[in-house]
Novice: 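Sharing a structure with you now.
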Amino acid sequence: MLVFATNNAHKAREIEQILGGAYRILTLKDIGCLEEIEETEPTLEGNALLKARYVKEKYGYDCFSEDTGLEVEALDGAPGVYTARYAGDAKDPEGNMALLLANLADKENRRARFRTIIALVSDGKEVLIEGICPGRIAPTRSGAGGFGYDPVFIPDGYDQTFAELGDAVKNRISHRAIATEKLREMLRKA
């Protein structure tokens, strides 16, 4: 059993799939944490640590958390730490993608990367783990799978978006998969 400081069911399911059923993932709701943990730090690392520390301090559980950012070269790394709320505090994926595509409409450089930071607070220690998936932003949305920016992100080495590639491929090559695999190795050695 691992506590994951999230209420995002998509992320929790994805992490559980990547871990191959080796761990049962509990979300914030599962442990009775119904409050929203505000992401107030200016970095992915800071936000990931903030959420994991909160759960440890308030609920006593060893915990991991993650924060993920889409970093687009032509937009000087934006949306970055504001990835989930790029188009506003509503955290609307459709609005986020529409704004991203509009902001890239006149740009030739569509290079981007997803970067995930996992913060693990366990046994009195704090560890940060990073996973990066380079790629590019598609000119239009394509595919029905995944969540978030998956319909517009094409990982290097592929001609389809994450939304078109499906969970089996995404859960092997994504930023979150890379960071989660590092987490699994760390837990295995512990």
Novice: Drop me the distance from R176's CZ to I117's CD1, to the nearest 0.5 angstrom.
Specialist: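 Nearest 0.5 Å value for the CZ-CD1 distance: 12.0 Å.
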Novice: Mind checking what makes side chain to side chain contact (heavy atoms under 4.5 Å, CB included) contact with S142, not counting sequence neighbours?
Specialist: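 Partners of S142 by the side chain to side chain contact (heavy atoms under 4.5 Å, CB included) criterion, ordered by chain and then number, come out as T161, E164.
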Novice: Nearest heavy-atom pair of P42 and V81: which atoms, and what distance?
Specialist: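 In terms of heavy atoms, the two residues are closest at O-CG1, 3.9 Å.
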Novice: Does R188 CZ have over 12 foreign heavy atoms under 6.0 Å away?
Specialist: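 Yes, enclosed.
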Novice: If I take atom CD from residue E16 and atom CG from residue L26, how far apart are they, to the nearest 0.5 angstrom?
Specialist: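 One finds 9.0 Å between CD of E16 and CG of L26.
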Novice: Please list all pairs meeting salt bridge (Lys or Arg N to Asp or Glu O under 4.0 Å) that have one or both residues in residues 99-110, counting only residues at least two apart or in different chains.
Specialist: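 Pairs touching residues 99-110 that pass the test: none.
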Novice: When you measure from the side chain of S174 to the backbone N and O of N171, does any donor-acceptor pair fall under 3.5 Å?
Specialist: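 A pair under 3.5 Å: no.
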Novice: Verify whether one side chain among N47 and E41 offers a donor that lies under 3.5 Å from an acceptor in the other.
Specialist: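 Checked: N47/E41 side chains show no N/O donor-acceptor pair below 3.5 Å.
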Novice: Using distance alone, with no hydrogens and no angle criterion, decide if T68 and R115 have a side-chain donor and acceptor under 3.5 Å apart.
Specialist: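 Short answer, no.
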Novice: CG of N103 to CG of L75: how many Å apart, nearest 0.5 Å?
Specialist: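 So the gap between those two atoms works out to 6.0 Å.
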Novice: Can you run down the ring pair (Phe, Tyr, Trp, His ring centres under 6.0 Å) pairs that involve residues 159-190, sequence neighbours left out, and say none if there aren't any?
Specialist: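 As it turns out, the ring pair (Phe, Tyr, Trp, His ring centres under 6.0 Å) pairs with a partner in residues 159-190, which skip direct neighbours, are F114-H175, F153-F162.
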Novice: Which residues, ordered by chain and number, are linked to M186 in its hydrophobic cluster, where ILVMFWY side chains connect at heavy-atom gaps below 4.5 Å, directly or through other members?
Specialist: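 When side chains under 4.5 Å apart are linked, the cluster holding M186 also contains L2, F4, I15, L19, Y23, I25, F64, I118, L120, V127, I129, L183, L187.
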Novice: Starting at NZ of K56, measure out to CG of L49 and round the result to the nearest 0.5 Å.
Specialist: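 So the gap between those two atoms works out to 14.5 Å.
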Novice: Under the ring pair (Phe, Tyr, Trp, His ring centres under 6.0 Å) definition, can you give me all pairs with a residue in residues 120-149, not counting sequence neighbours?
Specialist: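 Pairs touching residues 120-149 that pass the test: H10-F147.
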Novice: Report yes if some heavy atom in the side chain of L28 is under 4.5 Å from a heavy atom in the side chain of I37; otherwise report no.
Specialist: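 In contact.
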Novice: E94: which residues meet the side chain to side chain contact (heavy atoms under 4.5 Å, CB included) condition with it, sequence neighbours left out?
Specialist: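 Side chain to side chain contact (heavy atoms under 4.5 Å, CB included) list for E94, sorted by chain: D92, M97, R141.
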Novice: Using a 4.5 Å cut-off on heavy atoms from C-beta on, say whether the side chain of V72 contacts that of L104.
Specialist: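 L104 vs V72: side chains touch.
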Novice: With a 4.5 Å cut-off on side-chain heavy atoms, are L100 and L70 touching?
Specialist: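 L70 reaches L100 side chain to side chain.
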Novice: Run the salt-bridge test on E181 and R184 with the 4.0 Å N-O cut-off and return the result as yes or no.
Specialist: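 Judged by the 4.0 Å cut-off on N to carboxylate O distance, E181 and R184 do form a salt bridge.
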Novice: Specify the closest pair of heavy atoms between C133 and P155, including all atoms of both residues, with the distance to one decimal.
Specialist: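 C133 and P155 have their closest heavy atoms at SG-CB, 3.9 Å.
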Novice: Would V121 and Y61 count as a side-chain contact (heavy atoms from CB on, under 4.5 Å) here? Give the steps.
Specialist: CA-CA 9 Å; V121 175; Y61 291 101; over 6 Å; no
Novice: Locate the shortest heavy-atom distance separating I173 from A177; write the atom from each residue and the value.
Specialist: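 Between these two residues, the closest heavy atoms are N-CB, 4.2 Å.
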Novice: I need the L101 CG to I137 CD1 distance, nearest 0.5 Å.
Specialist: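 Here the rounded value is 7.5 Å.
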Novice: Does the pair Y54 and E35 meet the rule for a side chain to side chain donor-acceptor pair (under 3.5 Å), with working shown?
Specialist: CA-CA 11 Å; Y54 183 92; E35 61 266 28; 2.6 Å; yes
Novice: Identify the heavy atoms of A12 and T6 that sit nearest to each other, and give their distance.
Specialist: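 So the minimum-distance heavy-atom pair works out to CB-CG2, 4.4 Å.
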Novice: Show the numbers, then the answer: is there a salt bridge (charged side-chain N to carboxylate O under 4.0 Å, His left out) between K51 and E45?
Specialist: CA-CA 10 Å; K51 293 182 285 188; E45 293 84 353; over 6 Å; no
Novice: Starting at NZ of K11, measure out to CD1 of I18 and round the result to the nearest 0.5 Å.
Specialist: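 With rounding to 0.5 Å, NZ (K11) is 12.0 Å from CD1 (I18).
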Novice: Quick one: closest heavy-atom pair of E130 and I178, and the distance?
Specialist: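 Closest approach of E130 to I178: O-CG2, 4.4 Å.
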Novice: Looking at side-chain heavy atoms only, is the closest gap between D62 and V3 below 4.5 Å?
Specialist: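 No - every pair of side-chain heavy atoms lies 4.5 Å or more apart.
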Novice: With a 4.5 Å cut-off on side-chain heavy-atom distances among I, L, V, M, F, W and Y, is there a chain of contacts connecting V152 to Y158?
Specialist: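 Both belong to a single hydrophobic cluster.
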Novice: Checking D67 side chain against T116 main chain: does a donor-acceptor pair fall under 3.5 Å?
Specialist: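 No; judged by distance alone, with no hydrogens or angles, the pair does not exist.
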Novice: Check this for me: does any side-chain nitrogen of one of K29 and E36 sit under 4.0 Å from a carboxylate oxygen of the other?
Specialist: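 A salt bridge is absent here (no side-chain N lies under 4.0 Å from a carboxylate O).
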Novice: Give a yes or no on whether a salt bridge exists between E14 and K170, defined as a side-chain N under 4.0 angstrom from a carboxylate O.
Specialist: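 Looking at E14 and K170, the cut-off is met.
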Novice: Using every non-hydrogen atom in the two residues, find where D156 and G135 come nearest and quote the distance to one decimal.
Specialist: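 That closest heavy-atom pairing would be OD1-CA, 3.2 Å.
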Novice: Answer with yes or no whether the side chains of E39 and Y82 bring together a donor and an acceptor at under 3.5 Å.
Specialist: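 No, no side-chain donor-acceptor pair sits under 3.5 Å.
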